[in-house]
Every structure is written in C-alpha cells, then in structure tokens.
Amino acid sequence: MSTNIVVAIDGYSSCGKSTLAKALAKKLHFIYVDSGAMYRAVALYFLRQNVDVNDHTQVVEALKNIHLNFHSRDYQTHITLNDEEVSAEIRRMPVSDKVSAISAIREVRVEMVKQQQRMGRSKNIVMDGRDIGTVVFPDAQVKFFMTADPKVRAERRFKELLPTNPDITLEEVFENLAHRDYQDTTREESPLTRAEDAIVLDNTDFTPEEQLQFALDKVEPLMV
Ligand code: DC
C-alpha cells in the first residue's frame, strides 16, 4: 500500500512560496493548495459583511456561511467563496491589509486547518502557508521553510501587484510585508515558525529554476 506524499512549504510573505509550490506540483503532478488564499477569502467575506472580529458570536456565525472551493486549472489558484470566483479580489490591498489580523483568530484557524487536513488525507499535495509543517501536517514527508531578504521580497511583490494596482508604491508594499511578518510571527495562534525538521531555503539569490531544482532534489528520492 502506498501512502500519499505531503510537501509542506512555510515562510514569510512574498518569499516565493507559491512560485515554488506551483512549480513543484506541476513537475511532480501533485495537487497544489494555496492555504493563504483560504485565509484571504475569509478576510474578504469578513470585510464585505462587516464582521466584528472581536465579537465571537459574529465570527462563528460568519464561518458557518463561508464555503470555499479550489478549482485547479494550470496549477494556478482558482478559489470560490460561496460559488463566486474571488481569485483576483483576494490579492488586492484591502484584503492584504486585513488578512493577518483575521488569520490570527482561533476559530478561523481551527476551521481552515480542518479543511486543509482533509485535502491532504489521500492525495499527493504541495501546500504552502505559515503553519503547514508545524500544525497542519506535522508528519509531512518534506518540509521547506522559505526566507529571503525583505527588500528583495518587497520588490518582487511590487512588480507582481503593479499591473492590477497602478497607484501602489514600493514603500507601501514594504510596509505591508513588514507588518504582516510581525503579525504572523508574534500572534498567539500558530505563529509562523520553522518546524525543527524543515529544510531552510533562502532564495534571495536563487532563480525560480534554481529553487525548483533544490526542492526536487529533496522530494524526488521519496518517489521511487
Ligand atoms: O500566503 P499569503 O500572503 O497569501 O497569506 C495571507 C495571510 O494569511 C498571511 O498574512 C498569513 C495568513 N496565513 C496563515 O496564517 N496561515 C497559513 N497557513 C497561510 C496564510
């Protein structure tokens, strides 16, 4: 009987986690799950419905009304929130500004982790996020912890955002990243931290091809 392989990729915001995760999944024919997109979709719902994050009852009620689904096409993230495609909207600044605070809420995390664990139960998957190797899949066969110089990360994200957010500035992106790093690493619930058995991948000076090769060298031996 063969067991499925789970590759967990954690790290700071805009470190290239999703670039690596997508490339790995494509190369190995694994399913790619962008766990950050799930928290972003929840944040979008909370924003639209004006959910008071300090009101426990409102949070629990809202979570009951949120139905998320991934539709995998070309290894890109296509996520629906109650049957509405929200893949583009969850990348915009209003969501980016709120998502860390919303992903720090315990009830939100419990629900998302449950859904994520279900996805990795029987299939080969690559999942990226902040707590994948520590909380969601502590037994994942391969774990990567990604990091890169904060300035390089801000420049990368700025270039990505500019086409759809023409008014954005590099400073704004840098600030947003710094703020999210702070919130993600200092929150009480499942803070971003490296699992003891995670392989550190600092890609400041790596091309996407080099980082893919680095990761393949760790995962492919498990597939024989
Ligand atoms: O990876 P991303 O930037 O799209 O993630 C959006 C936010 O969601 C990020 O600020 C932290 C949070 N997140 C989390 O808390 N746990 C995860 N597994 C994935 C994302």
Side-chain angles (χ1 to χ4, degrees), residues 6-22 25 32-47 53 59 63 66 68 70 76-79 81 86-120 125-138 140 143-148 150 153-154 156-161 164-165 168 172-195 198 201 203:
V6 173
V7 179
I9 303 181
D10 291 303
Y12 298 96
S13 296
S14 296
C15 259
K17 295 187 298 293
S18 69
T19 303
L20 175 63
K22 279 177 207 162
Y32 165 54
V33 182
D34 174 353
S35 71
M38 298 169 72
Y39 290 99
R40 285 172 177 272
V42 171
L44 176 62
Y45 183 90
F46 277 34
L47 271 172
V53 295
V59 168
L63 284 170
I66 294 176
L68 305 177
F70 280 103
Q76 300 301 321
T77 298
H78 295 281
I79 188 167
L81 165 61
V86 292
S87 312
E89 198 166 351
I90 59 169
R91 304 283 159 208
R92 301 216 171 97
M93 267 312 189
V95 171
S96 294
D97 280 341
K98 286 278 173 297
V99 64
S100 280
I102 286 164
S103 66
I105 302 169
R106 190 180 140 71
E107 290 76 6
V108 171
R109 301 206 70 81
V110 169
E111 185 53 37
M112 293 305 110
V113 168
K114 214 191 303 167
Q115 295 192 19
Q116 289 153 6
Q117 287 174 334
R118 214 177 292 141
M119 294 179 209
I125 66 165
V126 181
M127 189 179 290
D128 69 341
R130 304 296 187 291
D131 60 341
I132 310 306
T134 50
V135 175
V136 183
F137 296 114
K143 302 177 185 176
F144 293 105
F145 187 83
M146 292 182 64
T147 169
R153 288 160 51 204
R156 287 177 186 161
R157 181 53 71 107
F158 176 64
K159 276 191 205 141
E160 238 172 59
L161 288 171
T164 46
N165 301 261
I168 206 163
E172 219 179 316
V173 176
F174 187 88
E175 284 307 314
N176 175 263
L177 287 184
H179 181 63
R180 283 203 283 151
D181 284 354
Y182 178 76
Q183 287 200 318
D184 293 346
T185 51
T186 57
R187 71 183 176 211
E188 232 166 84
E189 292 294 330
S190 315
L192 168 64
T193 155
R194 181 175 80 82
L201 169 45
N203 67 7

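What you see is a predicted model; the values in this text were computed from it and never measured. One-based numbering along the sequence shown. Each ligand, and each atom within it, is numbered from 1 in the order the structure gives.
The nearest protein atom to atom 16 (N) of ligand 1, hydrogens excluded, is given as R109 NH2, 3.0 Å; this is a heavy-atom distance. Protein heavy atom at the shortest distance from atom 10 (O) of ligand 1 is S100 OG, 2.8 Å. With respect to atom 4 (O) of ligand 1, the closest heavy atom belonging to the protein is R40 NE, 2.7 Å.
For the pair K114 and E111, the salt-bridge criterion is met [side-chain N within less than 4.0 Å of a carboxylate O]. Between R153 and D181, at least one side-chain nitrogen of the basic residue sits less than 4.0 Å from a carboxylate oxygen of the acidic one, meeting the salt-bridge criterion.
At a 3.5 angstrom cut-off on N or O pairs, D131 counts as close to ligand 1. Between S35 and ligand 1, a contact under 3.5 Å exists for at least one N or O pair.
Close contacts between ligand 1 and G129 involve ligand atoms 17 (C), 18 (N), 19 (C) [criterion: under 4.0 Å to a heavy atom]. Within ligand 1, counting atoms from 1 as listed, the ones closer than 4.0 Å to a heavy atom of R91 are 4 (O). Near D184, the atoms of ligand 1 lying under 4.0 angstrom from a non-hydrogen atom of the residue are 9 (C), 10 (O), 11 (C). Below 4.0 Å from some heavy atom of I132 lie the following atoms of ligand 1, by number and element: 18 (N). Of all the atoms in ligand 1, the ones that sit under 4.0 Å from a non-hydrogen atom of S103 are 11 (C), 12 (C), 15 (O). Distances below 4.0 Å separate heavy atoms of R187 from the following atoms of ligand 1: 14 (C), 15 (O). Near R180, meaning under 4.0 Å from any of its heavy atoms, are these atoms of ligand 1: 3 (O), 6 (C), 9 (C), 10 (O).
Counting heavy atoms only, R130 comes closest to atom 1 (O) of ligand 1 of the residues R130, Q183, K17.
Contact annotation for M38 and ligand 1: no heavy atom of the residue comes within less than 4.0 Å of the ligand. At a heavy-atom distance under 4.0 Å, no atom of L192 approaches ligand 1.
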- [ ] Under the side chain to side chain contact (heavy atoms under 4.5 Å, CB included) rule, what do Y32 and D128 come out as? Steps first, then yes or no, please.
- [x] CA-CA 8 Å; Y32 165 54; D128 69 341; 3.4 Å; yes
Task: S35 vs V136, side chain to side chain contact (heavy atoms under 4.5 Å, CB included): CA-CA, chis, key distance, verdict - done: CA-CA 10 Å; S35 71; V136 183; over 6 Å; no
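Heavy-atom distances between Q116 and ligand 1 stay at or above 4.0 Å for every pair.
A donor-acceptor pair shorter than 3.5 Å can be found between the side chains of S13 and R130. Residues S100 and D184 bring a donor and an acceptor atom of their side chains to less than 3.5 Å of each other. A donor-acceptor pair shorter than 3.5 Å can be found between the side chains of S96 and R40.
Here the closest non-hydrogen pair linking A198 and R194 is O-NH1, 2.9 Å.
Surrounding OH of Y12 are at most 12 heavy atoms belonging to other residues, nucleotides or ligands under 6.0 Å away.
A distance-only check finds no donor-acceptor pair linking the side chain of T134 to the backbone of A195 [under 3.5 Å].
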